[in-house]
There are 2 protein chains.
Amino acid sequence: MSKFEQIMRLSGYSRATVSRVINNSPNVNEETREKILQIMKQLDYAPNRNAVALSKGRTQQIGIVIAVLHETTISFLNHFIQAALGCGFQTIIYTSQGDKEKELQAFEDLRSKRVDGLLIMTCVNDPGKLSAYCRYGPIISWQRMRAGQIPSVAMDQGEGYRLGLEHLLAKGFTRIANVFGRPNSLNTKSRRLAFEAVMEQRGLPVRHDWYRYEVYGMLDGEQAWRSLAAMNEAPEAVLCANDYAAAGILNEARRQNLAIPQQLAIVGFDDTELSASLGITTIHNPIKEQAQNAFYWIWNIIGDESLEPSPLNFQLVERQTT
Amino acid sequence: MSKFEQIMRLSGYSRATVSRVINNSPNVNEETREKILQIMKQLDYAPNRNAVALSKGRTQQIGIVIAVLHETTISFLNHFIQAALGCGFQTIIYTSQGDKEKELQAFEDLRSKRVDGLLIMTCVNDPGKLSAYCRYGPIISWQRMRAGQIPSVAMDQGEGYRLGLEHLLAKGFTRIANVFGRPNSLNTKSRRLAFEAVMEQRGLPVRHDWYRYEVYGMLDGEQAWRSLAAMNEAPEAVLCANDYAAAGILNEARRQNLAIPQQLAIVGFDDTELSASLGITTIHNPIKEQAQNAFYWIWNIIGDESLEPSPLNFQLVERQTT
DNA sequence: TTGTACGCGTTATCAG
DNA sequence: CTGATAACGCGTACAA
């Protein structure tokens, strides 16, 4: 016999009344409540959340789809987790390691009602295919999605990128390299577009041979700068996809005894602690607001009240690398 | 009517047989199986995991208790998550933000059968109090626990610390500062003990005024070095609690135009990508093995088979800061 | 303020 | 190989 039933028997009250006490319903006689609470304590009672979830059709859990936890994403994750917690939602992590099958598991869990909603940080499956899961619950994406009906809270990074570029140009740097992330992502496209538009508008040459891709972490950044520095003509400035790449470039450039920023100017992206500590000029990215908006979007679908999204803006943070 | 029942009706088979098909039981006629699978597909059936969990008394979820996601912990988390996934367990994150009540929620969820086990990364509640939850399921800790019956997979960091210290001494550095994390943690104590034992054994002075605490991230590291450098007598070497602190110190020292390692030697801890990129000498910490062992410990209690823990050893990684 | 009766979607134990 | 029946632990109309 479950503890719930034991409480019913010992107290002499019905299932409904016991349930009311458990859920703090106001419609219970105070004496009754006290009596039942007493017995609950005595039995060391704790409600079974699986039973609650089954009965309510809700788990109060939100899944996060991501290839692998990484420095560049934890800030977003922390803010998202906290926003969710504020509304009584817990967060479960689905790391795919880039494996499509593993990733799909998260979406199957939305179907299977293990989670009430899904946040996509990065995904490897076809967005069109994933869109089919929208009918099982709210899905929001951080990364911009090229197809399907999955909305994204991401900003157009081209705008932020333009800030960095114009800053470099204002400082007199024109021979500028670009260090991107995923070659076909919308962010990369948007950045490339912004870069080329501004350069051409000013009549400056666009050096495609100074583009580098798949530069995510510091070690990638080092590697990228080695390959750029080894060219006949090396650039005098680099625009980066994130602060980690920028840090790697800075570290490698120092090893080469380059004067920063005279011989090499560097602009990072995101304004993380790393760029602050290393003194890297960067673009402030309103991560917290995006994370909150991501949760709000889900909440506005499955929650009772509706929350207003926060406004989003990029901002240049000038430090010692420009 | 649930889809499960629809399948029963449409196929003409009983609840039990349908369940057998869902769970790939071998005791089903192949034709029967095909027929039922067909209907399942047609109805877009997906099992309700809350119902499964309720019935089985298992969620296949493990909770992670942590104050806040941080660079220094994601490697451990990734390995743990992957090890768990390999045995069919998912992972749910409980961030407490250092709040005792929030942290307790994770332990209550073990009682409430939302999770089958718990991994403690960091905890703020009294270990004795938390020990009481051991009776609800397996709990393992990363951080070393001072009291209670919660076991830990952490290693005695004093050993690793000694490696770093002896390396510095061999290089001729004797005026050594220490940069610790939490002032009262077992790790800090163990490190301090190791440091003082070796120093005294060699007849070298132990400078307590060169101890710094609560140094976790890069910005903390910068701050620590500023305060050390500002003293009448500054140290010529620093032993750090982690690579991020070491990186911060290195960054600040460079800003002061100190020659590294001639004027200042730095030893990090953990051997992360950060130390590799910045060329910081550090102690390799077998994070992956610890993470796997943590999961194995849980698995060996609630799983069927039993897995052997991996052996653990620290190792010095010499780079350019010593 | 309390109780009745039913539903939530599966698994598990038998017996056949 | 299949089926009947009973858990699993709780929420919730509806009625009293």
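So that the names make sense, note that chain A is the first sequence line, chain B the second, and so on, each numbered from 1. Computed from a predicted structure; not experimentally measured.
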To the side chain of B:N23, which of C:dG9, C:dT10, C:dT11 is closest? C:dT11
Spacing of B:F4 atom CZ relative to C:dG7 atom C1', expressed in whole Å: 16 Å
Please find the pair of heavy atoms, one from A:Q6 and one from A:M1, that lie closest to each other, and give the distance. NE2-O, 3.4 Å
Please check the phosphate of D:dG11 (OP1 and OP2 only) for any side-chain N or O of A:S19 closer than 4.0 Å. yes
Is A:E108 atom CD crowded by more than 12 heavy atoms from other residues, nucleotides or ligands, each under 6.0 Å away? yes
Under 4.0 Å between a side-chain N/O of B:N27 and OP1 or OP2 of D:dT2, yes or no? no
Take atom CD of A:E31 and atom C1' of C:dT2, then tell me their distance rounded to the nearest Å. 15 Å
Considering all heavy atoms of both residues, which atom of B:A67 and which atom of B:T95 are nearest to each other, and what is their separation? O-CB, 3.6 Å
Could you check which of C:dT11, C:dT2, D:dG9 has an atom nearest any side-chain atom of A:T32? C:dT2
When B:R20 and B:A46 are each assigned the nearest nucleotide of DNA chain C, the 5'-most assignment goes to B:A46
With the side chain of B:A16 defined as its heavy atoms from C-beta on, choose the nearest nucleotide among C:dT1, D:dG11, D:dG3. D:dG3
If you measure from the Lys or Arg side-chain nitrogens to the Asp or Glu carboxylate oxygens, is any gap between A:E103 and A:K100 under 4.0 Å? no
Could you check how far CD1 of A:I36 sits from P of C:dT1, rounded to whole Å? 13 Å
Counting side-chain heavy atoms from CB outward, which of D:dT2, C:dG9, D:dG9 is closest to A:N48? D:dG9
For D:dA4, take OP1 and OP2 only and decide whether either is under 4.0 Å from a side-chain N or O of B:Y13. no
Sole candidate of B:F76, B:F295, B:F80 that passes ring pair (Phe, Tyr, Trp, His ring centres under 6.0 Å) when paired with B:W142: B:F76
5′-ward residue of the pair B:R33/B:A51 relative to DNA chain D: B:R33
Whole-Å gap separating C1' (C:dT1) and CD (A:E30): 12 Å
For the pair made of CG in A:L43 and P in D:dG9, what is the distance, rounded to whole Å? 14 Å
Nucleotide of D:dG11, D:dG3, D:dT5 approaching B:R15 most closely (side-chain heavy atoms): D:dT5
Rounded distance in Å - CG (A:N50) to P (D:dG11): 13 Å
Does B:R49 get its side chain close enough to the base of C:dG9, under 3.5 Å, for a donor-acceptor pair? no
Where the side chain of A:P47 is concerned, which of D:dC10, C:dT11, C:dT10 is the nearest nucleotide? D:dC10
Once you round it to whole Å, what is the distance between P of C:dG7 and CZ of A:R58? 23 Å
For D:dG9, does the base pair up with any side-chain atom of A:S55 as donor and acceptor (N or O, under 3.5 Å, distance only)? no
Roughly how many Å is it from CZ in A:R114 to P in C:dG9, rounded to a whole number? 16 Å
Is it true that B:E30 and B:R33 have a side-chain N and a carboxylate O under 4.0 angstrom from each other? yes
So, is A:T17 near the phosphate of C:dG3, with a side-chain N or O under 4.0 Å from OP1 or OP2? yes
